[in-house]
Amino acid sequence: MDLSYGGEYEAFRGEVRDFIADHASQAPKGNGMRSKPVLDWQALLIEKGYTARTIPREYGGHGAEPDILKSRIIAEEFANAQVSNGLGGQGIQMLVPTLLEIGTEEQKKRFIGPTLRGEIVWCQGYSEPNAGSDLASLTTSAVLDGDEWVVNGQKIWTSTAKQADWIFCLVRTEPEAPKHKGISFLLFSMDTPGIEVRPLKTMTGDSTFNEVFFTDVRVPKQQIVGSRGEGWFVANSILRHERGMLGDPNATFSRLNALIELMQQETVDSRRVIDNPVFRDRLMQIQGEVMAMRFNDMRILSAKLNNKDASLAGMIVKLQGTELRHRLEGLAIDALGELGLLYEDSPLLRGQGAWQSQYMFYLGLIIGGGTSQIQKNIISERGLGMPREPKPQQV
Amino acid sequence: MDLSYGGEYEAFRGEVRDFIADHASQAPKGNGMRSKPVLDWQALLIEKGYTARTIPREYGGHGAEPDILKSRIIAEEFANAQVSNGLGGQGIQMLVPTLLEIGTEEQKKRFIGPTLRGEIVWCQGYSEPNAGSDLASLTTSAVLDGDEWVVNGQKIWTSTAKQADWIFCLVRTEPEAPKHKGISFLLFSMDTPGIEVRPLKTMTGDSTFNEVFFTDVRVPKQQIVGSRGEGWFVANSILRHERGMLGDPNATFSRLNALIELMQQETVDSRRVIDNPVFRDRLMQIQGEVMAMRFNDMRILSAKLNNKDASLAGMIVKLQGTELRHRLEGLAIDALGELGLLYEDSPLLRGQGAWQSQYMFYLGLIIGGGTSQIQKNIISERGLGMPREPKPQQV
Amino acid sequence: MEFGLTEEQVLLQDSVGRYLADHASLDRARQFADGAEERAADVCTALAELGVSGLIIDEAYGGVGLKMLDAAIVAEQLGGNVTPIAFAASAVMVPLALQRAGSEAQKAHWLPLLAAGEASAGAAVSEAVAAREDARISASGGTLTGRALFVLDHAADVYLVADDRRKMHLVEAKARGLTSTRLTSIDKTRHIGELRFEGVAADPLPGSDDPAVLADVIDAGRIVLAADTLGAAQNMLDQAVAYAGERQQFGRVIASFQAVKHMCAEMAARLEPCRAMIWYAAHAFDEVPEESRLTACHTKAHLGEVGKFVAKTATEVHGGMGFTDLLGLHYWFKRIGFNRQMLGGPELVREEAARLQELI
Amino acid sequence: MEFGLTEEQVLLQDSVGRYLADHASLDRARQFADGAEERAADVCTALAELGVSGLIIDEAYGGVGLKMLDAAIVAEQLGGNVTPIAFAASAVMVPLALQRAGSEAQKAHWLPLLAAGEASAGAAVSEAVAAREDARISASGGTLTGRALFVLDHAADVYLVADDRRKMHLVEAKARGLTSTRLTSIDKTRHIGELRFEGVAADPLPGSDDPAVLADVIDAGRIVLAADTLGAAQNMLDQAVAYAGERQQFGRVIASFQAVKHMCAEMAARLEPCRAMIWYAAHAFDEVPEESRLTACHTKAHLGEVGKFVAKTATEVHGGMGFTDLLGLHYWFKRIGFNRQMLGGPELVREEAARLQELI
């Protein structure tokens with residue numbers, strides 16, 4: 001057991017801290033896209049290797065060797081300082097790695113640099129109303145007509161569709177093939193005629209997501225990533241990456257500390273909520289679970305670093321992490337009593353209403369990105385080696 | 001809403017109370033079988049109509065019209081007075097109703113009377129090591145050889161097998177038929193050569209159950225109830241009756257009161273356990289659930305009485321009742337701290353060790369009599385009308 | 001013996017249920033919520049005609065003269081249809097307080113108006129449930145001063161206000177010195193709010209010197225909120241079963257997956273006994289006084305817990321669709337959340353249950 | 001950075017695990033339990049040879065000189081194999097107390113005996129965890145009077161006894177005035193008991209004037225019991241997965257039913273983070289003093305809860321067979337139950353966790 005990162009890394013941590021101390025004033029606040037301060041900051045971070053760190057210079061990245069610990073240190077230090085560590089979004093997190101792996105040289109040159117620099121914003125077109133857990137049954141079609149794909153169908157759960165310049169999209173190009181083998185991965189501009197974006201309001205009241213409708217959208221033939229019919233395999237390796245990010249124990253840890261503070265501040269019947277032993281015990285239960293998940297996270301990091309197997313430890317993060325977070329937010333609501341019901345712009349609102357909105361949002365995350373039911377299938381089959389469910393008889 | 005039983009019934013309740021007051025001294029203590037006081041008491045109860053109440057006189061019963069309320073009043077009054085309300089056991093509770101419904105006249109005459117009087121004690125041979133939840137896949141075989149069935153195989157979970165004179169037993173007589181249609185219902189003496197009974201120790205440390213092995217056990221041909229291949233249907237209607245009895249909320253209510261008393265008596269760190277708000281809150285949660293189950297029980301009784309449908313209310317009793325009871329016993333263990341670990345004849349033992357043994361026994365009941373998984377299948381399919389799982393493809 | 005509803009009660013249930021299904025479905029609730037309407041006048045009028053607003057008001061005052069079980073039956077329908085109407089305070093708690101503790105003049109003035117649906121009433125009693133340090137009402141010389149939070153059925157014509165000695169008063173919304181503020185909650189189908197009193201003239205309920213009356217009023221509110229949850233949760237379960245029977249994934253309806261079936265079975269198993277519990281609690285309120293208070297507490301707490309479980313699980317069965325606004329499932333989710341916290345969350349009410357049994 | 005076991009630790013784990021699998025399987029535990037043996041001499045001797053009894057004892061006193069993480073690794077193996085041996089007190093708590101607070105004479109006498117497996121030690125510290133009104137030890141003039149309950153690793157040669165001022169003493173089992181009674185528990189693989197002292201001569205640990213030493217000793221015991229639960233629960237899960245893969249019902253292995261798969265997945269999902277938690281808690285005990293106590297409390301409580309869930313669920317997966325004595329699954333079930341309650345149940349330990357953070 002050695003929890004130190006070692007001298008080289010502590011030196012690196014020092015560099016990062018110094019950089020932040022010197023430059024934090026230039027960092028943009030909030031999540032704006034495309035503003036000059038945002039783009040300038042992004043350019044500076046790429047130059048210093050604090051974002052796009054391992055992406056080759058020829059494609060617009062910093063070109064450093066992969067180093068999990070350095071990446072973690074950068075993430076930790078920017079998070080601790082509450083300074084933006086650069087642009088995120090599905091283009092940078094999901095499309096860029098895909099293109100690096102299987103894009104053509106031309107695609108890499110054309111898309112990676114502008115995406116990293118924040119010049120092209122992407123959205124993702126995977127889920128459909130009738131293809132959620134069973135994503136491979138998607139029906140949005142793309143038919144080759146001369147040198148163009150003609151896309152028709154509908155996507156759902158598309159975040160940033162309103163802001164995006166381009167979309168990476170799964171479409172069915174081989175209707176005769178088995179369902180996993182008939183899908184292709186297309187890129188196209190959101191300005192293409194025939195695209196309609198409708199905001200999708202959720203239970204939280206926000207419209208973080210959209211529905212996107214395609215009617216005879218014409219896409220140049222070469223804007224396919226990988227070969228025809230390979231789209232499922234292209235998309236799936238990255239999806240797994242996305243799932244690992246849901247339920248992050250470090251974010252939950254911050255929320256836990258906010259909850260402890262809340263319970264020390266609020267009073268009911270002249271007693272601080274924290275002095276109610278029943279709520280306090282629930283708080284302590286959650287604290288113990290958060291602790292376990294944080295140590296589990298350290299174990300996963302260390303396993304990656306040392307090429308050890310901790311695949312089961314990783315597989316459970318989404319299931320446990322989202323449920324835990326949902327319960328944590330729910331405790332805050334209960335502890336607040338009637339105050340916990342207030343929402344939106346209500347007078348007396350606590351924490352800007354985040355306890356309620358996060359409670360609901362995390363219920364959404366329990367469902368999204370692979371429902372808890374699908375997660376349990378994965379854990380039992382891939383983690384524990386239990387058999388898949390037998391296929392049903394055709395009736 | 002009318003919770004009174006009405007004048008006629010209150011008068012009847014008075015009669016029962018008077019009887020108990022006058023005769024309680026003759027009632028046997030404990031669960032002994034076959035002793036003279038037990039058999040005499042049973043005879044007196046049959047005569048008065050306090051047991052075997054609705055079974056026709058010609059078969060040895062009391063011959064009264066069915067009256068659910070009177071039955072309930074009898075049960076309530078004997079339970080309140082903690083006086084034996086007569087012999088129970090699987091012969092009286094399960095076999096007698098079966099014989100009344102589909103036994104031949106000769107079977108009724110031969111078996112019902114002696115069973116009611118306690119002269120024949122029965123055990124039940126249903127479950128097998130490889131036929132538990134999937135009872136219909138049982139393999140104990142009975143092959144007709146002249147005028148006799150020749151029985152070979154093994155049963156498990158047979159209670160009172162050591163004490164029993166006879167067994168009612170499910171055997172496969174039609175190996176070629178579909179599995180539910182190849183089973184017959186046989187009766188035979190436990191003295192027949194070729195029967196071996198081995199006690200089956202459980203996690204509680206007791207051997208309430210047995211394994212029973214049959215080697216070429218020869219049973220007269222006419223000792224079959226119903227026709228060949230009808231055994232599954234004979235047995236199944238009664239099984240449902242048995243399941244309804246598991247998880248009885250009135251028994252749980254008594255245990256709850258014992259738990260409240262326990263928590264008021266025990267102290268830890270000079271504080272009564274009931275004064276620990278965390279345990280007290282768990283107690284109150286359980287009290288609320290017990291209350292709900294008792295009202296649910298009243299609703300079921302009333303529905304039976306008034307021919308109303310409360311089938312879902314009945315279907316959930318076993319699932320909810322056994323889980324609730326298990327949790328209740330578990331709370332007692334937790335509340336006792338280290339004392340809750342003591343068992344058997346340990347010094348300092350509380351409640352004769354029943355908190356631990358009931359905790360484990362009710363885990364057994366969660367599993368037995370249709371596991372919680374099977375119960376949920378039943379509730380979703382029969383109660384909510386959801387489809388059965390599709391049959392798997394043959395591989 | 002008959003543990004269940006009478007024919008008249010089934011009729012009441014059906015007539016209210018039918019009206020709501022036909023004329024006050026989700027679309028109406030949505031419209032109310034989106035428009036932040038003060039009052040769904042059409043629904044109020046129609047329900048008043050069906051007797052809902054005068055349900056427990058004596059016939060002498062223009063009401064129907066029914067009891068708590070009838071109120072619970074109606075509340076279940078309202079919860080099941082997420083009906084945007086003032087009921088718990090306006091049709092139950094305040095009429096009850098008036099009938100038990102009001103003067104003849106108070107009754108004669110307000111009860112007929114409430115029964116006819118021509119006035120609505122709110123209840124400002126949260127201080128008696130759980131006091132907040134900055135919310136306290138003191139009475140002196142016929143006036144009230146202070147602040148009441150979480151007023152149920154806010155935006156009413158008249159408020160029942162409990163002071164810090166548990167005595168109750170009537171205050172008209174238009175009284176001088178009264179400031180009223182809406183508190184937006186997750187549940188947009190019912191209003192809560194805050195009242196500030198600066199020496200507001202108040203009309204005390206003479207019979208409320210006995211603090212048991214206020215306790216009864218709170219019990220009644222708790223039973224009604226619990227019944228509302230029963231209806232809402234039952235509806236969510238029904239929607240989940242129906243949705244699972246239609247939604248296809250992996251080439252079969254999801255209702256055929258054991259995981260989905262068991263989620264639904266668990267909901268049913270926990271919810272079904274709640275029906276008997278609501279019936280008994282409401283019945284006991286009128287007929288079994290020695291069990292009434294404890295049963296009301298446990299019913300409120302237990303429905304709060306079961307409701308929370310069903311709300312989450314039914315949403316999960318719906319998958320992503322449950323999380324959207326499209327089906328509107330969240331109206332039921334939030335209604336259940338509201339009922340859980342108002343008039344005391346489960347932990348608080350269980351503490352009361354323990355106190356009632358002298359276990360504290 | 002390496003969050004995990006060193007090669008040496010993996011070797012230790014393997015060597016202990018292999019010995020137990022080969023020579024101290026369930027049959028041996030059963031024999032011990034059925035015979036109510038005081039001591040499984042064969043197992044003790046073999047494990048002493050592998051270094052288990054002297055694991056954390058300094059090499060100067062004949063031990064191996066390892067740390068709490070090594071003790072946790074061994075405890076996990078012992079729990080996984082329901083090994084009938086005195087470990088938590090005898091090999092961890094008492095050696096730790098001696099090394100931190102013992103006199104040179106005490107260390108020189110007892111540590112080599114304990115390391116060699118020639119003596120065993122029990123811990124009578126439950127009064128410091130939760131006092132029972134009739135169990136209290138007072139020290140006066142070099143003697144102890146009173147009663148200690150729930151002595152861990154009872155039937156020992158020497159006992160570590162905490163008095164009512166949290167000072168620790170050594171008392172030999174054969175001391176005059178000491179009466180010792182076995183307390184039969186559900187777990188027949190480890191002994192607990194009661195000690196009565198009537199003016200028994202005791203040998204105080206000079207360094208134990210600092211009450212932090214006793215707290216450390218209890219922390220160490222809690223980590224070891226939690227690690228024992230990790231091993232036992234992991235074993236139950238493994239057994240459940242294996243059994244489900246063999247057991248056929250309805251024409252298929254039950255491991256192919258979604259309900260069974262999800263039960264196993266839930267066990268794995270809750271149990272897997274516990275492994276990292278045990279590692280960290282044990283590591284922090286030696287290396288991160290500022291986090292040590294809180295982590296020990298949470299680890300004890302959390303493993304208690306997860307263990308209870310896994311014990312029940314794994315038994316359910318086994319169906320009726322899990323309830324019988326045939327497979328012996330209940331040995332693990334009871335071992336987990338024992339670990340949950342000893343040295344403080346989850347509620348009690350969580351209260352301590354809150355107190356450590358000054359939240360009480």
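In this structure, no portion of D:Ala281 lies under 4.5 Å from any heavy atom of chain A. Both the backbone and the side chain of D:Ala353 come within contact range of chain A, with heavy atoms under 4.5 Å apart. Interface residue D:Thr295: backbone and side-chain heavy atoms are both found under 4.5 Å from chain A. For D:Gln357, the part lying near chain A is the side chain, with the backbone staying farther off; criterion is any non-hydrogen pair under 4.5 Å. For D:Leu69, the part lying under 4.5 angstrom from a heavy atom of chain A is the side chain only.
Judged purely by atom type and a 3.5 angstrom limit, D:Lys261 has no side-chain atom pairing as donor or acceptor with the backbone of A:Ile378.
Counting heavy-atom pairs under 4.5 Å between each of A:Ile379, A:Asn306, A:Leu319, A:Ile274 and chain D puts A:Asn306 at the top. Between chain D and the options A:Gln285, A:Glu289, A:Arg388, the largest number of non-hydrogen pairs under 4.5 Å is found for A:Gln285. Among A:Met386, A:Met1, A:Met291, A:Met284, the residue with the largest count of heavy-atom pairs under 4.5 Å with chain D is A:Met1. Taking chain D as the reference chain and counting heavy-atom pairs below 4.5 Å, the highest number among A:Ile260, A:Asn377, A:Leu283, A:Leu305 is found for A:Asn377.
Nearest heavy-atom pair across A:Leu384 and D:Ala265 is CD1-N, 4.1 Å. Considering every non-hydrogen atom in both D:Ala269 and A:Ile316, the closest pair reads CA-CG2, 3.5 Å.
Interatomic distance, A:Ser372 OG to D:Glu266 CD, rounded to the nearest 0.5 Å: 9.0 Å. One distance of note links CZ of A:Arg280 with CG of D:Leu359; it measures 8.0 Å at 0.5 Å rounding. With rounding to the nearest 0.5 angstrom, the CG atom of A:Asp2 is 8.5 Å from the CE atom of D:Met1.
Side chains of D:His298 and A:Gln287: a donor on one and an acceptor on the other come within 3.5 Å.
The interface of residues 292-301 of chain A with chain D, defined by heavy-atom distances below 4.5 Å, comprises A:Ala292, A:Met293, A:Phe295, A:Asn296, A:Met298, A:Arg299, A:Leu301. When the heavy atoms of residues 250-260 of chain D are compared with those of chain A, the residues falling under 4.5 Å are D:Arg252, D:Val253, D:Ala255, D:Ser256, D:Gln258, D:Val260, listed by number.
Using a 4.5 Å cut-off on side-chain heavy atoms (C-beta onward), A:Leu3 and D:His283 make contact. Counting heavy atoms from C-beta outward, D:Glu358 and A:Gln264 have side chains that stay 4.5 Å or more apart.
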Yes or no on salt bridge (charged side-chain N to carboxylate O under 4.0 Å, His left out) for D:Arg270 and A:Glu323, after CA distance, side-chain angles and deciding distance?
CA-CA 11 Å; D:Arg270 295 188 61 179; A:Glu323 292 277 358; over 6 Å; no
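Residue D:Glu290 qualifies as enclosed at atom CD: its count of foreign heavy atoms under 6.0 Å is above 12.
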